[in-house]
Amino acid sequence: MANTLFDSLFAPLAKRKDTLLILADGREISGRDFLGMVARQAHALRAAGLGQGDRIAVQIAKSPEALATYGAALALGAVFLPLNTAYTADEVDYFLGNATPKVFLCDGAKADALAPVAARHGAQLLTLNSDGSGSLAVAARSQPDTITPAKCGPDDLAALLYTSGTTGRSKGAMLTHGNLLSNAEVLRSAWRFTRRDVLLHALPIFHTHGLFVASNLCLLTGGRMIFLPGFDLEAVLRLLPQATTMMGVPTFYTRLLDDPRLDRDLVGHMRLFISGSAPLLAETHRDFEARTGQRILERYGMTETNMNTSNPYDGDRRAGTVGQPLPGVELRVMKGEAEVAPGDVGVIEVRGPNVFKGYWQMPDKTREELRADGWFITGDLGQVDAKGYVTIVGRAKDLVISGGFNIYPKELELLLDEVPGVLESAVIGLPHPDFGEAVFAVLVPQKGAELQPENVLAALQDRVARFKQPKGAVILAELPRNTMGKVQKNLLRDQFRDWFL
Ligand code: AMP
């Protein structure tokens with residue numbers, strides 16, 4: 001019986017006596033043993049009532065067993081719903097209420113707090129701890145280590161991935177077997193992944209980057225993963241010599257650059273460094289190349305679409321751009337219902353086999369963002385140059401409209417970052433009695449630099465039109481970022497809301 005994703009990602013592990021996962025403590029798990037783990041968990045979950053089309057929500061630490069739960073869900077034809085481990089009980093309550101999963105899997109340490117939440121929404125609670133123990137492990141132990149996967153076609157749901165929801169409530173993006181497999185196949189050829197690759201995997205697996213881009217791709221190509229619980233600088237520096245590729249969010253690269261042990265000797269053997277999930281500063285790109293000789297490949301994607309664009313493997317990897325649309329992905333830049341003139345800024349829309357099927361139980365939101373003819377309105381602002389390279393200039397909701405003029409934060413952030421002593425910046429719009437919104441800059445100084453906000457703003461005076469110039473600025477030691485390295489501008493807007501009032 002065919003099961004689109006399971007047959008491509010997990011079934012081939014039956015033939016792999018060689019290593020699939022290399023763990024931080026040096027332990028190795030073969031493909032075959034890992035598949036046994038998947039099968040045992042699948043039988044245990046089926047015994048707990050999980051069936052085809054049912055959702056299984058998981059809020060568990062990254063571990064081989066946690067990855068196996070993903071495989072087990074696919075084997076049963078269930079819908080995998082991973083949750084950020086940082087979510088509180090109240091947040092989990094929302095997700096369980098919205099997704100109504102049959103099973104909710106959490107860390108044993110949180111079981112007492114989460115049991116009433118699971119009970120309220122009719123989910124059976126099981127536990128899986130970071131060391132692989134827990135009630136699921138106990139139930140799986142005596143189960144058979146092979147399984148016949150449930151029949152699932154490309155249009156069947158494989159995962160519900162909730163958006164990070166920095167404005168309003170998170171929405172559950174419905175991703176099908178076909179969405180996920182097609183994207184992994186495209187990335188395999190775009191980034192030349194083969195079974196000889198060893199991917200240093202330090203990303204969380206509750207997010208599209210670590211779960212789908214990294215894990216799916218590696219499982220599809222038959223390579224190995226150095227599977228770390230998180231980004232631990234010492235572990236990464238120690239294990240990079242064993243890797244051929246690494247995927248990271250920009251903060252991985254800035255943290256590596258902060259350490260003098262990052263040099264050509266350490267990473268000269270690496271085939272590919274990939275960055276995404278948040279903008280990689282052009283300066284980081286240049287510094288990384290100057291130190292290591294490696295040009296980071298930046299790509300752009302999102303929960304709803306997997307990967308949309310990528311800089312080329314061969315050819316010009318342009319700092320500050322996210323490259324060109326991947327094969328099979330159409331991309332256009334719109335202002336309302338019309339395409340903008342070539343090179344102009346507008347809202348990016350994408351269409352292709354990678355694009356999700358809509359938001360779970362939110363038909364209105366789906367209609368607002370996913371057009372009937374398949375184009376998804378990403379909410380990202382961008383422009384495309386003559387060679388098809390896409391530059392992201394920010395989120396549409398971060399656009400500042402001051403006195404009726406549109407101001408793109410990215411343009412100002414790039415200029416502010418050039419001012420001596422500024423490490424990085426975030427430009428936001430704040431309520432203003434005259435202008436509606438006023439431009440405001442949050443500045444982070446370089447180590448040891450003494451910054452005065454007025455001096456930094458003065459440096460912009462001759463460089464941009466007056467209406468774009470920030471009307472206020474503050475210095476912060478660092479910008480608030482979420483686990484994927486994204487600057488949380490909503491928190492900055494809240495913090496400085498009354499500045500001009
Ligand atoms: P998520 O759904 O959490 O993966 O977030 C997706 C959003 O992250 C996109 O809509 C973009 O705003 C942003 N993003 C992802 N990759 C990049 C990138 N390479 N450069 C700039 N923004 C990015």
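The first residue of the sequence shown is numbered 1, and numbering continues consecutively from there. All of these numbers come straight from a predicted model, not from anything done at the bench.
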(request) Determine, step by step, whether Asp314 and Arg192 satisfy the salt bridge (Lys or Arg N to Asp or Glu O under 4.0 Å) criterion, reporting the C-alpha distance in whole Å, the side-chain angles of both residues, the deciding distance to 0.1 Å, and the verdict. (result) CA-CA 10 Å; Asp314 298 316; Arg192 311 273 201 281; 2.5 Å; yes
(request) Let me see the working for Arg463 and Glu411 under salt bridge (Lys or Arg N to Asp or Glu O under 4.0 Å), right down to the final yes or no. (result) CA-CA 11 Å; Arg463 304 203 61 192; Glu411 181 189 354; over 6 Å; no
(request) With salt bridge (Lys or Arg N to Asp or Glu O under 4.0 Å) as the test, would you mind laying out the steps for Glu369 and Lys171 before giving the verdict? (result) CA-CA 12 Å; Glu369 295 178 29; Lys171 296 162 283 186; 3.2 Å; yes
(request) List the steps, then state whether salt bridge (Lys or Arg N to Asp or Glu O under 4.0 Å) holds for Arg261 with Glu234. (result) CA-CA 10 Å; Arg261 287 171 290 177; Glu234 291 305 319; 2.7 Å; yes
(message) Using the rule given for side chain to side chain contact (heavy atoms under 4.5 Å, CB included), can you reason through Phe227 versus Leu20, listing the C-alpha separation, both sets of side-chain angles and the distance that settles it, and then say yes or no?
(response) CA-CA 9 Å; Phe227 208 64; Leu20 170 69; over 6 Å; no
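Counting heavy atoms from C-beta outward, Asp417 and Val419 have side chains that stay 4.5 Å or more apart. Side-chain contact check for Val347 versus Val333: every heavy-atom pair is 4.5 Å or farther apart. Proximity of Asp380 to Tyr300: side-chain heavy atoms (C-beta onward) are separated by under 4.5 Å at one or more points. Between Leu67 and Ser215 there is a side-chain heavy-atom pair separated by less than 4.5 Å. Between Phe252 and Val236 there is no side-chain heavy-atom pair separated by less than 4.5 Å. When side chains are defined from C-beta on, Val384 does not count as touching Pro342, because their heavy atoms never get closer than 4.5 Å. In this structure the side chain of Lys489 never reaches within 4.5 angstrom of the side chain of Lys397, judged on heavy atoms. Between Val464 and Gln469, the closest side-chain pair of non-hydrogen atoms falls below 4.5 Å.
Heavy atoms from other residues, nucleotides or ligands lying under 6.0 Å from CD of Glu450 number 12 at most. The number of heavy-atom neighbours closer than 6.0 Å to NZ of Lys357, taken from other residues, nucleotides and ligands shown, is above 12. The neighbour count for Arg195 CZ, taken as heavy atoms of other residues, nucleotides or ligands under 6.0 Å away, does not exceed 12. More than 12 heavy-atom neighbours from other residues, nucleotides or ligands sit within 6.0 angstrom of CZ on Arg255. Shown here is Asp373, whose CG atom has more than 12 heavy atoms of other residues, nucleotides or ligands within 6.0 Å.
Looking at Tyr389 and Asp316, their side chains never bring a donor and an acceptor atom within 3.5 Å of each other. Neither side chain, His432 nor Ser402, offers a donor N or O lying under 3.5 Å from an acceptor on the other. Side-chain polar atoms of Asn354 and Asn308 form a donor-acceptor pair below 3.5 angstrom. Side chains of Asp197 and Thr245: a donor-acceptor N/O pair is absent below 3.5 angstrom, by distance only.
Using the six-membered ring where Trp is involved, Tyr162 and Phe95 have ring planes that are perpendicular, over 60° apart on the 30 and 60° scheme. Relative ring orientation between Phe10 and Tyr70 is described as perpendicular, the plane-to-plane angle rising above 60° on a 0-90° scale split at 30° and 60°. Aromatic ring orientation, Trp191 versus Phe193: tilted (interplanar angle from 30° to 60°).
The shortest non-hydrogen separation linking Arg224 to Thr19 is CG-O, 2.8 Å. The two atoms that bring Leu9 and Leu13 nearest to each other are O-CG, 4.1 Å, heavy atoms only. Here the closest non-hydrogen pair linking Thr309 and Arg299 is O-CB, 3.2 Å. Taking every heavy atom of both residues into account, Leu492 and Pro480 meet most closely at CD2-CD, 3.7 Å. Between Arg497 and Pro431, the shortest heavy-atom contact is O-CD, 3.6 Å. The two residues Lys335 and Val345 come nearest to each other via the heavy atoms NZ-O, 4.4 Å.
Residue Met302 is tested with Leu161, Thr378, Val350 for a side chain to side chain contact (heavy atoms under 4.5 Å, CB included); the sole match is Thr378.
Between the side chain of Asn311 and the backbone N or O of Thr321, at least one donor-acceptor pair lies under 3.5 Å. Checked by atom type and distance alone, the side chain of Arg16 pairs as donor or acceptor with a backbone atom of Gly222 at under 3.5 Å. Thr305 contributes no side-chain N or O that, together with a main-chain N or O of Gly301, makes up a donor-acceptor pair within less than 3.5 Å. With Glu437 contributing its side chain and Ile401 its backbone, the two residues share a donor-acceptor pair below 3.5 Å. Side-chain atoms of Thr208 do not come within 3.5 Å of backbone N or O of Asn306 as any donor-acceptor pair. Remark: the backbone N or O of Lys486 is paired with a side-chain donor or acceptor of Asn482 at under 3.5 angstrom. Proximity of a side-chain donor or acceptor of Asp156 to a complementary backbone N or O of Gly153 within less than 3.5 Å is detected. The backbone N or O of Asn98 lies less than 3.5 Å from a partner atom in the side chain of Trp360, making a donor-acceptor pair. Asn183 contributes a side-chain N or O that, together with a main-chain N or O of Met307, makes up a donor-acceptor pair within less than 3.5 Å. At distances below 3.5 Å, not a single donor-acceptor pair connects side-chain atoms of His201 with backbone N or O atoms of Leu21.
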Which side-chain N or O atoms in residues 276-293 pair as donor and acceptor under 3.5 Å with protein atoms at least two apart or in another chain?
{"unit_1": "Ser277", "atom_1": "OG", "unit_2": "His209", "atom_2": "ND1", "d": "3.0"}
{"unit_1": "His285", "atom_1": "NE2", "unit_2": "Ile296", "atom_2": "O", "d": "2.8"}
{"unit_1": "Glu289", "atom_1": "OE1", "unit_2": "Arg295", "atom_2": "NH1", "d": "2.7"}
{"unit_1": "Arg291", "atom_1": "NH1", "unit_2": "Asp259", "atom_2": "O", "d": "3.1"}
{"unit_1": "Arg291", "atom_1": "NH1", "unit_2": "Leu262", "atom_2": "O", "d": "2.9"}
{"unit_1": "Arg291", "atom_1": "NH2", "unit_2": "Leu257", "atom_2": "O", "d": "2.4"}
{"unit_1": "Thr292", "atom_1": "OG1", "unit_2": "Phe288", "atom_2": "O", "d": "2.6"}
{"unit_1": "Thr292", "atom_1": "OG1", "unit_2": "Gln294", "atom_2": "N", "d": "3.0"}

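In this structure, CG in Leu203 is found 8.0 Å from CE in Met246, a value given to the nearest 0.5 Å. Rounding to the nearest 0.5 Å gives a distance of 5.5 Å between CG of Leu430 and CZ of Phe500. The CZ atom of Phe206 sits 3.5 Å away from atom CG of Asn84, with the distance rounded to the nearest 0.5 Å. Rounded to the nearest 0.5 angstrom, Leu220 CG and Arg188 CZ are separated by 4.0 Å. To the nearest 0.5 angstrom, Phe212 atom CZ is 12.0 Å from Leu181 atom CG. Going from atom CG of Leu443 over to atom CG of Leu416 covers 6.0 Å, rounded to the nearest 0.5 Å.
By the 4.0 Å N-to-carboxylate-O rule, Glu349 lies close enough to Arg332 to be salt-bridged with it. One finds no salt bridge joining Lys471 and Asp434 here, because no Lys/Arg side-chain nitrogen approaches an Asp/Glu carboxylate oxygen to under 4.0 Å. A salt bridge does not link Glu298 to Arg318: none of the charged nitrogens lies less than 4.0 Å from a carboxylate oxygen.
With sequence neighbours excluded, no residue forms a ring pair (Phe, Tyr, Trp, His ring centres under 6.0 Å) with Tyr313.
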